[in-house]
Asker: 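Below are the structure tokens for one structure; questions will follow.
Every chain is numbered from 1, with letters handed out A, B, ... down the list of sequences.
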2 protein chains.
Amino acid sequence: MRERIVGRLARGDQRLTSSREALVAVLAVSDRPLTIPEIGAADGGLAVSSIYRNLTMLEEVGVVHRVVTASGDFAHYELTEDLTEHHHHHLVCSGCGSVEDFEASSQLEDSVRDAARRIARRSGFRIDRHLIDLIGLCPNCA
Amino acid sequence: MRERIVGRLARGDQRLTSSREALVAVLAVSDRPLTIPEIGAADGGLAVSSIYRNLTMLEEVGVVHRVVTASGDFAHYELTEDLTEHHHHHLVCSGCGSVEDFEASSQLEDSVRDAARRIARRSGFRIDRHLIDLIGLCPNCA
DNA sequence: CAGAGGATGATAGTCATTCTCAAAACTCTG
DNA sequence: CAGAGTTTTGAGAATGACTATCATCCTCTG
Ligand SMILES: [Zn+2]
Ligand SMILES: [Zn+2]
Ligand SMILES: [Zn+2]
Ligand SMILES: [Zn+2]
């Protein structure tokens with residue numbers, strides 16, 4: 001895993017500094033996508049501007065994925081699926097903005113892939129990934 | 001349709017002014033969600049602040065739905081599905097941010113509803129709606 | 001017509017995110 | 001280890017989508 005991260009960084013002429021390793025470690029330990037404030041709190045002494053700069057760069061080289069749910073709210077970050085090798089989707093609370101992971105049934109995944117193939121043929125889009133969000137209110141907000 | 005819009009506005013103590021009717025008309029004619037600049041261009045002489053204010057209000061009373069794809073990019077607006085009576089999903093270009101509509105197969109819709117039921121039971125979330133985006137590059141950007 | 005309540009639009013404010021740049025921390029050679 | 005060259009960091013300024021403000025304008029009712 002560390003291996004592959006170093007590899008992807010190298011492909012973009014970037015190094016795995018201790019700040020970046022700390023960011024990745026925080027995300028690796030969480031079972032859900034985290035916001036910048038959450039990451040900052042977990043990591044401790046890393047400047048906000050550095051968190052943003054490094055996460056943006058880590059996204060460009062394919063180590064990290066940015067999850068946007070509502071505008072004007074903090075984005076959430078997680079490791080990319082091909083690093084964790086765990087394809088999943090999101091359960092989003094429209095009250096507090098929190099995000100949790102869930103795994104879809106293989107029937108659901110198959111249906112989405114079918115749809116993607118069909119739509120790609122018809123529309124001329126090149127489809128790279130899909131996104132399935134279930135949106136509602138978490139126990140706290142309900 | 002105009003009927004139902006007036007009804008929803010009234011429920012929120014709001015009237016259907018000519019500005020609001022113009023906004024709704026622009027959205028009703030489009031086959032895809034539009035950004036604020038697009039709506040402004042289509043409508044002509046309506047102040048940007050009024051477009052924002054009215055769309056926000058129309059969203060609160062359930063006439064309009066705001067579609068957020070990337071942060072720092074314009075949101076897109078469309079009429080709510082229970083006004084158009086046309087449940088659909090989105091094909092999003094990660095290059096230029098454009099959004100198109102597509103209709104999912106009933107098999108896909110069934111699978112999502114199943115997943116929602118199962119996840120709701122397990123997690124305690126109250127799930128209100130689902131979102132399926134296919135993300136890739138449009139013919140222009142590819 | 002007067003007056004009250006709401007709608008409009010120009011502009012100022014907010015806030016997540018990005019940019020800037022000087023200082024600090026590496027890296028590499030000798 | 002020194003010291004030059006390069007990269008990264010951090011504090012604060014800048015950006016830009018969006019929201020709040022408020023004086024003015026409309027639209028009703030009586
Ligand atoms: Zn919540
Ligand atoms: Zn999936
Ligand atoms: Zn495009
Ligand atoms: Zn659906």
Asker: Side chain of B:Asn54: nearest nucleotide among D:dT9, C:dA16, C:dT8?
Answerer: C:dT8
Asker: Find which nucleotide of DNA chain D each of B:Tyr52 and A:Gln14 is nearest to by heavy atoms, and output the residue with the more 5' nucleotide.
Answerer: A:Gln14
Asker: Separation of B:Ile36 atom CD1 from C:dG9 atom C1', in whole Å?
Answerer: 16 Å
Asker: With no hydrogens and no angle check, just 3.5 Å: does a side-chain donor-acceptor pair link B:Glu78 and B:His65?
Answerer: no
Asker: Between D:dA17, D:dT8, D:dA20, which nucleotide gets closest to the side-chain atoms of A:Thr17?
Answerer: D:dT8
Asker: Rounded to whole Å, please give me the gap between CD in B:Glu60 and C1' in D:dC18.
Answerer: 14 Å
Asker: Would you state whether a donor and an acceptor, one from the side chain of A:Ser71 and one from the base of D:dA17, lie under 3.5 Å apart?
Answerer: no
Asker: Round to a whole Å and report the spacing from CZ of A:Arg20 to P of D:dT7.
Answerer: 11 Å
Asker: Rounded to the nearest Å, what distance is computed from the CG atom of residue A:Leu55 to the C1' atom of nucleotide D:dT9?
Answerer: 15 Å
Asker: How many Å lie between CG on A:Asp43 and P on D:dT9, as a whole number?
Answerer: 11 Å
Asker: Are side-chain N/O atoms of B:Ser94 and A:Arg129 paired as donor and acceptor at under 3.5 Å?
Answerer: no
Asker: Ignoring the backbone of B:Phe74, work out which of D:dC18, D:dA11, C:dG9 is nearest its side chain.
Answerer: D:dC18
Asker: Do the side-chain N or O atoms of B:Ser19 get closer than 4.0 angstrom to the phosphate oxygens (OP1, OP2) of C:dT8?
Answerer: yes
Asker: CG of B:Leu23 versus P of C:dG9: gap in Å, rounded?
Answerer: 10 Å
Asker: Rounded to whole Å, please give me the gap between CD1 in B:Ile51 and P in D:dC18.
Answerer: 12 Å
Asker: Name the orientation class of the two ring planes belonging to B:His89 and B:His87 (parallel below 30°, tilted from 30 to 60°, perpendicular beyond 60°).
Answerer: perpendicular
Asker: Need one value for B:Ser50: base, sugar-phosphate or nothing, where a base atom within 4.0 Å counts as base even if backbone is also close, heavy atoms only.
Answerer: base
Asker: Hey, does the side chain of B:His76 reach the backbone of B:Arg32 with a donor-acceptor pair shorter than 3.5 angstrom?
Answerer: no
Asker: Please state how far atom CD in A:Glu59 lies from atom C1' in C:dT18, giving the value in whole angstrom units.
Answerer: 14 Å
Asker: Judged by each residue's nearest nucleotide on DNA chain C, which is more toward the 5′ side, B:Arg53 or B:Arg15?
Answerer: B:Arg15
Asker: Which of these nucleotides, D:dG12, C:dT18, D:dC18, is closest to any side-chain atom of B:Arg66?
Answerer: D:dC18
Asker: When you match A:Gly45 and B:Val48 each to their closest nucleotide on DNA chain D, which lands nearer the 5' end?
Answerer: A:Gly45
Asker: Indicate yes or no for a side-chain donor-acceptor contact from A:Thr35 to the backbone of A:Ala75 under 3.5 Å, with no hydrogens or angles considered.
Answerer: no
